[in-house]
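This report refers to the structure that appears directly beneath it.
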Amino acid sequence: MLETTQNPLDDRATDPFEVARQAAVQIAAKTGVEKHDIALTLGSGWGKAADLIGETVATIPAHEIVGFSKPALEGHVGTLRSIRLQNGKHALVIGARTHYYEGHGVRRVVHSVRTAAAAGATTMVLTNGAGGIKEHWKPGTPVLISDHINLTADSPLEGATFIDLTDLYSKRLREVARTIDPTLDEGVYTQFRGPHYETPAEVQMAKAIGGHIVGMSTALEAIAARQGGMEILGMSLVTNLAAGIQKTPLSHQEVIDAGREAEPVISALLAQIVEAL
Ligand code: 8IG
């Protein structure tokens with residue numbers, strides 16, 4: 001895709017936190033909402049949750065906000081939405097994820113998370129569609145992320161920034177989610193670079209090192225969210241069993257279809273969880 005305007009994050013001399021602060025100021029101006037309490041990134045299969053969590057105050061095309069890119073993928077809605085929850089809190093819904101595999105660098109990947117922190121959010125809900133390694137997870141199963149393994153060999157942290165990642169995906173928030181659905185299982189999310197799916201051998205490696213879910217997002221975002229001081233809830237929708245675990249080859253269309261089918265149920269679940277946070 002041809003980009004006509006320069007993204008300030010691509011200039012190494014720019015402070016990415018300053019860009020995030022500017023983005024937060026623009027969001028406050030365009031939405032009329034001074035502070036957002038909670039932010040949600042809605043990945044494939046989770047988009048409908050935005051319509052269920054509350055009353056939409058404003059919808060902004062993400063590329064109108066500094067540092068955000070145009071969406072790379074059809075089906076990934078490039079909007080930022082400000083929603084007033086029933087409990088009076090304000091949620092910022094990020095429907096514009098930049099994936100690491102797009103090759104624009106990790107600063108762009110985590111810009112939405114840094115913007116959410118700058119906008120005042122103290123809770124970050126990260127959702128995604130992913131492959132499952134546990135065989136009993138049928139396509140359409142929502143899973144809580146308990147921890148992650150970052151196989152991108154990259155980090156959103158720059159320089160000697162040493163940050164603890166213990167309890168990165170808040171145990172407290174996982175327990176809140178289980179008050180809504182006690183049957184929610186959990187697993188370790190393994191982020192691969194993508195955009196290819198894994199080979200069956202790579203899935204076996206992920207399993208051997210303690211992974212249960214394979215995907216192409218979230219881990220880098222969670223690190224940035226921790227740096228921003230936010231409490232994190234991570235949820236994956238298992239849209240397919242990982243390569244070699246399921247007997248048939250993976251098809252992007254099947255993944256999309258499984259997401260669409262599960263969307264109403266898991267979106268309603270997420271809306272209930274958000275209300276309880
Ligand atoms: I949806 O099986 C979805 N995203 N890496 N592997 C990886 N990402 C995914 C998968 C999968 N399914």
Side-chain angles (χ1 to χ4, degrees), residues 1-85 89-129 156 216-218 220-221 224-225 227-228 230 267 270 274:
M1 186 189 294
L2 236 162
E3 277 190 83
T4 46
T5 47
Q6 182 67 32
N7 189 315
L9 292 170
D10 297 343
D11 180 352
R12 299 307 298 170
T14 310
D15 173 7
F17 296 95
E18 181 52 36
V19 181
R21 280 192 290 273
Q22 289 171 8
V25 168
Q26 291 176 344
I27 289 168
K30 282 182 188 275
T31 61
V33 176
E34 207 51 51
K35 176 181 178 293
H36 286 85
D37 308 285
I38 170 171
L40 300 95
T41 298
L42 299 181
S44 17
W46 298 91
K48 289 260 185 308
D51 297 327
L52 303 174
I53 61 176
E55 183 202 333
T56 298
V57 175
T59 304
I60 312 166
H63 64 265
E64 289 182 5
I65 303 298
V66 65
F68 283 81
S69 330
K70 297 223 160 158
L73 219 85
E74 185 249 329
H76 286 222
V77 192
T79 62
L80 301 171
R81 267 166 85 167
S82 178
I83 297 178
R84 191 181 313 106
L85 307 182
K89 289 186 184 177
H90 292 275
L92 182 66
V93 174
I94 300 156
R97 179 175 254 148
T98 299
H99 286 89
Y100 190 66
Y101 59 67
E102 291 172 47
H104 298 304
V106 74
R107 282 181 168 196
R108 287 227 221 159
V109 171
V110 302
H111 179 59
S112 59
V113 169
R114 287 183 171 150
T115 297
T122 52
T123 304
M124 185 75 227
V125 179
L126 297 170
T127 65
N128 58 59
M216 306 178 193
S217 65
T218 302
L220 295 170
E221 298 163 14
Q227 181 182 31
M230 293 188 279
S267 295
L270 183 58
V274 166

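Because only heavy atoms are used, hydrogens play no part in the values below, and waters and symmetry mates are left out as well, while side chains stay in.
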Between NE2 on residue His99 and OG1 on residue Thr218, distance to nearest 0.5 Å: 7.5 Å

Heavy-atom side-chain contact between Asp51 and Arg81 under 4.5 Å: yes

Candidate pair Leu80 and Ile94, rule side chain to side chain contact (heavy atoms under 4.5 Å, CB included), full reasoning: CA-CA 5 Å; Leu80 301 171; Ile94 300 156; 4.0 Å; yes

Heavy-atom side-chain contact between Leu270 and Val125 under 4.5 Å: yes

Ser69-Arg108 side chain donor-acceptor pair, cut-off 3.5 Å: yes

Closest non-hydrogen atom pair between Gly78 and Ala96, with its separation: CA-CB, 3.8 Å

Flag side-chain contact, heavy atom, 4.5 Å: Thr127 against Leu40: no

Heavy-atom pair of closest approach, residues Thr14 and Pro8: OG1-O, 2.9 Å

Side-chain donor-acceptor contact under 3.5 Å, Thr41 with Arg97: no

Sole candidate of His90, Glu55, Lys30, His36 that passes side-chain hydrogen bond (donor to acceptor under 3.5 Å, both in side chains) when paired with Ser82: His36

CZ on Arg84 to CG on Asp37, rounded to 0.5 Å: 12.0 Å

Euclidean distance, Ile53 CD1 relative to Leu42 CG, rounded to 0.5 Å: 7.0 Å

Smallest separation among heavy atoms of Asn128 and Ser217, with atom names: CB-OG, 3.7 Å

Only pairs under 3.5 Å count here: list side-chain donor-acceptor contacts from residues 109-116, not counting sequence neighbours, and write none if there are none.
from, atom 1, to, atom 2, distance (Å)
His111, NE2, Val66, O, 2.7
His111, NE2, Thr115, OG1, 3.4
Arg114, NH2, Pro156, O, 2.9
Arg114, NH2, Gln227, OE1, 3.0
Thr115, OG1, His111, O, 2.8

Heavy-atom closest contact (Phe68 atom, Ala23 atom, distance): CE1-CB, 4.5 Å

For Val57 against Val33, the heavy-atom pair lying closest together: CG1-CG2, 4.1 Å

Rounded distance [0.5 Å steps], OG1 in Thr79 versus CD1 in Ile65: 11.5 Å

Any side-chain heavy-atom pair of Asn7 and His104 under 4.5 Å: no

Side chains of Val274 and Lys89 in contact at under 4.5 Å (non-hydrogen atoms): no

Side-chain ion pair, Asp11 and Arg107, N-O less than 4.0 Å: no

Val93 to Ala50 - nearest heavy-atom pair and separation: CG1-CB, 4.1 Å

Set of side-chain hydrogen bond (donor to acceptor under 3.5 Å, both in side chains) partners for Thr122, sequence neighbours left out: none

Criterion side chain to side chain contact (heavy atoms under 4.5 Å, CB included) on Thr31 and Leu92, from CA distance to verdict: CA-CA 10 Å; Thr31 61; Leu92 182 66; 5.7 Å; no

